[in-house]
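Computed from heavy atoms alone, side chains included, the values below leave out hydrogens, waters and symmetry copies. In each ligand, atom 1 is the first atom listed, and ligand 1 is the first ligand listed.
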Amino acid sequence: EAKMNGGDQCFVYDPKMYQRVAHRVMMEGDVRTALLEHQFSLALQPQIEANTNRFIGFEALLRWKHPERGMISPDDFIPVLENSEQMIELGYWVVRRCFELVRNFIQLGYSDIKVAINLSANQFLDPNLSPFLTNLLQAYELDAKHFELELTEQTLVEDIDKAIAVMVTLREYGFSFAIDDFGTGYSSLAYLKRMPVDIIKIDKSFVFGMLENNADYQIIMSTIAMVKSLDLKVVAEGVETGAQMRSLEENGCDYFQGYYFAKPVPEDEIIEYIQEQFRHGVWSNTEVYQ
Ligand code: C2E
Ligand code: MG
Ligand code: MG
Ligand code: MG
């Protein structure tokens with residue numbers, strides 16, 4: 001029988017595990033090449049304010065166009081790379097790219113767009129993160145109000161005291177924090193109270209069936225109520241229908257993100273998307289007003 005003695009002393013041959021390790025080693029090698037060969041890009045998914053239907057900004061989502069395997073979804077490569085140096089390097093690439101984008105937006109006259117950046121656990125707990133971010137603020141001459149850092153509950157509970165310390169430091173510079181995929185991890189209200197966060201993102205798995213499944217509905221509504229009572233803002237992700245949007249809006253959800261409004265927009269179409277949004281003043285799918 002396989003026994004894990006202290007983690008790395010497992011002598012039982014497990015073909016699945018072997019495959020996983022081989023896969024990871026391959027991925028790590030590929031990431032190095034991919035960074036050099038510009039195979040990564042970002043897709044930006046719009047976020048919309050409830051009630052006003054104003055477009056407020058984007059979440060940055062990583063895309064990998066592999067020369068042989070085609071588009072690889074982040075859900076397929078990020079978990080594999082999670083504990084590697086490469087993920088930290090890639091994470092920094094994403095952050096830098098977001099700064100470049102915001103600077104471009106401002107140069108084009110769009111000075112009020114926010115970008116939400118996903119941070120992996122390792123990246124968030126990397127001692128270089130704070131200096132990296134604050135150096136970028138200087139180098140790009142940007143205000144940190146443009147950036148929202150998304151963390152998962154998992155990242156936060158890994159080392160709660162350290163996480164809070166990093167958050168406190170970065171908040172002093174003006175960065176804001178969101179807890180991503182809320183409700184899918186270890187969410188304790190006591191933690192939430194201690195945590196200097198600004199935004200809670202309700203996971204899409206609850207939103208998908210919210211109008212058919214009463215448990216999902218109740219989870220969402222009590223989350224919204226709880227979040228508001230703590231004076232935080234709440235984003236629902238995975239909003240795919242107008243009916244979901246209206247129900248969330250009636251119950252106090254502050255912001256939306258989902259295919260109903262827009263799928264993630266490829267980087268090279270982003271300026272066009274923004275121009276379109278500002279031509280209309282509000283999010284431009286007229287279905288909203290029916
Ligand atoms: P996430 O941060 O929770 O991002 C939301 C995911 O939900 C995105 O998937 C987005 O495309 C998808 N989504 C949004 N609205 C809808 C909808 O209405 N319907 C459906 N079916 N899906 C919707 P994506 O881009 O595949 O990213 C998956 C995950 O990969 C992200 O989940 C995040 O955890 C991770 N990820 C993506 N980019 C990065 C990154 O730069 N760094 C790190 N550390 N993780 C990232
Ligand atoms: Mg996210
Ligand atoms: Mg999420
Ligand atoms: Mg997710």
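- Nearest to the Mg ion (ligand 2), among the N, O or S atoms that Glu59 has, is OE2.
- For Asp181, the N/O/S atom at the shortest distance from the Mg ion (ligand 3) is named OD1.
- Atoms of ligand 1 found under 4.0 Å from any heavy atom of Asp181, numbered from 1 in the order shown, are 3 (O).
- Distances from ligand 1 to the non-hydrogen atoms of Gly91 include no value under 4.0 Å.
- Remark: Glu100 does not engage Arg103 in a salt bridge, criterion side-chain N to carboxylate O under 4.0 Å.
- One N or O on the side chain of Gln123 and one on the backbone of Gly91 form a donor-acceptor pair closer than 3.5 Å.
- Within the 4.5 Å cutoff, no side-chain heavy atoms of Leu61 are placed close to those of Leu44.
- If you look at Phe261 and Phe55, their ring centroids are not closer than 6.0 Å.
- At least one heavy atom of Phe208 sits closer than 4.0 Å to an atom of ligand 1.
- Which parts of ligand 1 touch Asp75 is read off a 4.0 Å heavy-atom cut-off, strictly below it: atoms 28 (C), 29 (C), 30 (O).
- Between Arg69 and Asp30, some side-chain heavy-atom pair lies under the 4.5 Å cut-off.
- Taking a cutoff of 4.0 Å between a charged side-chain nitrogen and a carboxylate oxygen, Arg63 and Glu267 do not qualify as a salt bridge.
- By the 3.5 Å distance cut-off applied to N or O atoms, Ala60 is not counted among the residues near ligand 1.
- Asp180 contributes atom OD2 as its closest N/O/S atom to the Mg ion (ligand 2).
- For the side chain to side chain contact (heavy atoms under 4.5 Å, CB included) test with Phe99, the passing option among Val115, Asn104, Leu133 is Leu133; the others fail.
- Within the 4.0 Å heavy-atom shell around ligand 1 one does not find Gln123.
- For the residue pair Asn128 and Tyr92, no side-chain donor N or O sits within less than 3.5 Å of a side-chain acceptor on the partner.
- With distances taken over non-hydrogen atoms, the option nearest atom 24 (P) of ligand 1 out of Pro74, Cys98, Pro46 is Pro74.
- Shortest distance from the Mg ion (ligand 3) to Glu237 is reached at OE1 (N/O/S atoms only).
- Where the criterion is an N or O separation shorter than 3.5 Å, residue side chain and backbone included, Tyr260 fails it with respect to ligand 1.
- Looking at Glu150, its N, O or S atom nearest to the Mg ion (ligand 2) turns out to be OE1.
- At distances below 3.5 Å, not a single donor-acceptor pair connects side-chain atoms of Asn213 with backbone N or O atoms of Gly209.
- Of the polar atoms of Asp203, none of the N or O atoms is found under 3.5 Å from an N or O of ligand 1, judged by distance alone.
- Using a 4.0 angstrom heavy-atom cutoff, Lys263 does not count as in contact with ligand 1.
- In summary, Asp112 and Lys145 do not engage in a salt bridge, as defined by a charged side-chain N under 4.0 Å from a carboxylate O.
- Of the heavy atoms in Gln45, only side-chain atoms (C-beta onward) come closer than 4.0 Å to ligand 1.
- At least one N/O-N/O distance between Asn118 and ligand 1 falls below 3.5 Å.
- A salt bridge is absent between Lys204 and Asp181; no separation between the charged side-chain nitrogens and carboxylate oxygens falls under 4.0 Å.
- Contacts between Arg63 and ligand 1 below 4.0 angstrom, taking non-hydrogen atoms only, involve the side chain exclusively.
- Near Glu240, the atoms of ligand 1 lying under 4.0 angstrom from a non-hydrogen atom of the residue are 17 (C), 18 (O), 19 (N), 20 (C), 21 (N).
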